[in-house]
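Have a look at the structure below, then the notes.
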Number of protein chains: 2
Amino acid sequence: MNNATPQTCPVTDRGLHLRAACLACHGVPNHGQRQLVRGDVLFMQGDPADRIFAVASGWLREYVLNADGGHGGARIVHAGQIVGLEALGGATGAVYGVTVDALRPASVCAMPASGVRSWLRVRPDDALALAIATAEDLAEVRQQMLANATLPAEERVLGLVRELVGEGAGDAWVRLPATREQLGDVLGLTLETVSRMMQRLASKGIIEVRGSHVRFV
Amino acid sequence: MNNATPQTCPVTDRGLHLRAACLACHGVPNHGQRQLVRGDVLFMQGDPADRIFAVASGWLREYVLNADGGHGGARIVHAGQIVGLEALGGATGAVYGVTVDALRPASVCAMPASGVRSWLRVRPDDALALAIATAEDLAEVRQQMLANATLPAEERVLGLVRELVGEGAGDAWVRLPATREQLGDVLGLTLETVSRMMQRLASKGIIEVRGSHVRFV
DNA sequence: CGTAACTTTGATCTTTATCAAGCCTCGTGG
DNA sequence: CCACGAGGCTTGATAAAGATCAAAGTTACG
């Protein structure tokens, strides 16, 4: 990627300026950013929560482990989203309640929570923007909750594939950033059911499937 | 209730002072508060979003209607929580994305979004507190959603009953603020399954059930 | 005390999970 | 450039969880 060409950052696109560096970064951050490759863990459930992360590009996964160590549930994290908000409160002893790792290569800006707090304290507009952005995320989570609670497996799989392929893709082939098993974790389904539903959608002529590549028709 | 005895407000307990009145109210607000009885609708999905509501006491329910008019999913709203944050952004044409109604009698403080915005702009500490409170709600909702995705019905029912009864109740009889059907909406289960799971928990000696009254043993 | 709303319980059906086996695909190394 | 192997995907048979349909109790409230 050409660093000489400033690009819009999906985080600041949402009106979120979490610190001076973030304001000035123009999508090419040079402080505190981490490059993740597939499988890298950003933070683990139970780690002390002291940093907030803004996803500049790539795909991450957020999941909880239940008592017996198995995956309890998961969520796909897009570019532009914030993770690790548990840290914002700054309570001593606060820990992350989820684990976040990379599904595909990703760039993530790490910000010490204390720095974000002091930034927001003198920039009420930004604090307001963060509250608004968080409220929007909350609405989105609720939407996902709705989908998980009521809809049959086929529609849930279709919805997730739509989300992952993105609006702009049109009818081009797109590589899904997650395996069938990871999609299943997100939807609360098994990998076999995800596979079956994708085949069923294909047989209905809604999508074409070829391994991890998918295309809307 | 004795108005002469100031009480702590569950909203301000969280460090949230959304406007001057809220700061001075000491749990007995006298401006802009609405008393709701069971079934009263606070706002409906699609209404213009111009006010933010803080729940001072009682139980509300927040739910989404899907295309065919059925309940898509729901959430129980406690005292101390904020609803209607869609209004905070102040975009023209913003509408509420959910419907909120009262499960039991409730007191709700209504605040014009524009007033809250101008209040927060000059009170950065409060803007930060709101951002933190929203972030905590988000983390809580998200974790709850992720954890619920995979658990069997019995454990999900137990978890919700625990939440509704509250920590402080000990082994006293408590009246659940919701019917089996409403609990089912929250959990994505049918009312029959909720009933059966509660009976199963009772037969295991974890709880005692008598209609809408429940007791941990 | 009567009634309407809520709850329980049973029988049956559908959806999705589980277990199992074989088949692609893609990246690696020769 | 091709062959190999491991991870990922598909498909089938069977089992289990929860939904649906139905009917009879209870509870709570006027």
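Given the structure is predicted, the values throughout are model-derived calculations rather than measurements. Chain A is the first sequence line, chain B the second, and so forth, proteins listed ahead of strands; every chain is numbered from 1.
- Closest approach to the B:Val209 side chain among D:dG18, C:dT8, C:dT16 is made by C:dT8 (side chain taken as heavy atoms from C-beta onward).
- Nucleotide D:dC9 holds its C1' atom 10 Å from the CE atom of A:Met198, rounded to whole Å.
- At a threshold of 4.0 angstrom between heavy atoms, the contacts of A:Thr179 are confined to the sugar-phosphate backbone, with no base atom among them.
- Taking only distance into account, the side chain of A:Gln199 never meets the base of D:dC9 through a donor-acceptor pair shorter than 3.5 Å.
- The nearest heavy atom of DNA chain D to B:Arg210 and to A:Ala178 marks one nucleotide each, and the one closer to the 5' end goes with A:Ala178.
- Using the six-membered ring where Trp is involved, B:Tyr96 and B:Phe53 have ring planes that are tilted, between 30° and 60° apart.
- Using a 4.0 Å heavy-atom distance criterion, A:Gly184 is classed as making no nucleic acid contact.
- Using a 4.5 Å heavy-atom threshold, the side chains of A:Leu103 and A:Leu60 count as separate.
- Checking the phosphate oxygens (OP1, OP2) of C:dT7, a side-chain nitrogen or oxygen of B:Arg180 falls inside 4.0 Å.
- Closest contact between the side chain of B:Ala153 and the listed nucleotides D:dC29, C:dG27, D:dG18 involves D:dG18.
- Between B:Thr190 and B:Arg175, the one whose closest nucleotide on DNA chain D sits nearer the 5' end is B:Thr190.
- Here B:Arg38 lies in heavy-atom contact (under 4.0 Å) with sugar-phosphate atoms only.
- Interface remark: the B:Arg196 side chain does form a donor-acceptor pair with the D:dT20 base, using a distance-only criterion of under 3.5 Å.
- Of the candidate nucleotides D:dT10, D:dC29, C:dT8, C:dT8 has the atom lying nearest to any side-chain atom of B:Ser195.
- The separation between A:Leu189 atom CG and C:dT18 atom P is 11 Å, rounded to whole Å.
- Residue-level contact check: B:Val194 touches neither bases nor backbone, having no heavy atom under 4.0 Å from any strand.
- Atom CG of A:Leu183 and atom P of C:dA17 are 13 Å apart (whole Å).
- Here the closest heavy-atom approach between residue A:Ile207 and residue A:Met198 is recorded as CD1-O, 3.9 Å.
- Nucleic acid contact for B:Arg200: none, since no nucleic acid atom lies under 4.0 Å from a heavy atom of the residue.
- Atom CG in A:Leu191 sits roughly 12 Å away from atom C1' in C:dC19 (whole-Å rounding).
- Counting only heavy atoms from C-beta outward, the side chains of A:Arg104 and A:Arg175 approach each other to under 4.5 Å.
- In terms of position on DNA chain C, the residue among B:Thr193 and A:Thr193 whose nearest nucleotide sits closer to the 5' end is B:Thr193.
- At a cut-off of 3.5 angstrom, the base of D:dC9 holds no donor-acceptor pair with the side chain of A:Glu192.
- The existence of a salt bridge linking A:Lys204 and A:Glu154 is confirmed by a sub-4.0 Å separation between a basic side-chain nitrogen and an acidic carboxylate oxygen.
- Distances shorter than 4.0 Å separate none of the side-chain N or O atoms of A:His213 from OP1 or OP2 on C:dT25.
- Rounded to an integer number of Å, the gap from CZ of B:Arg156 to P of D:dG18 is 8 Å.
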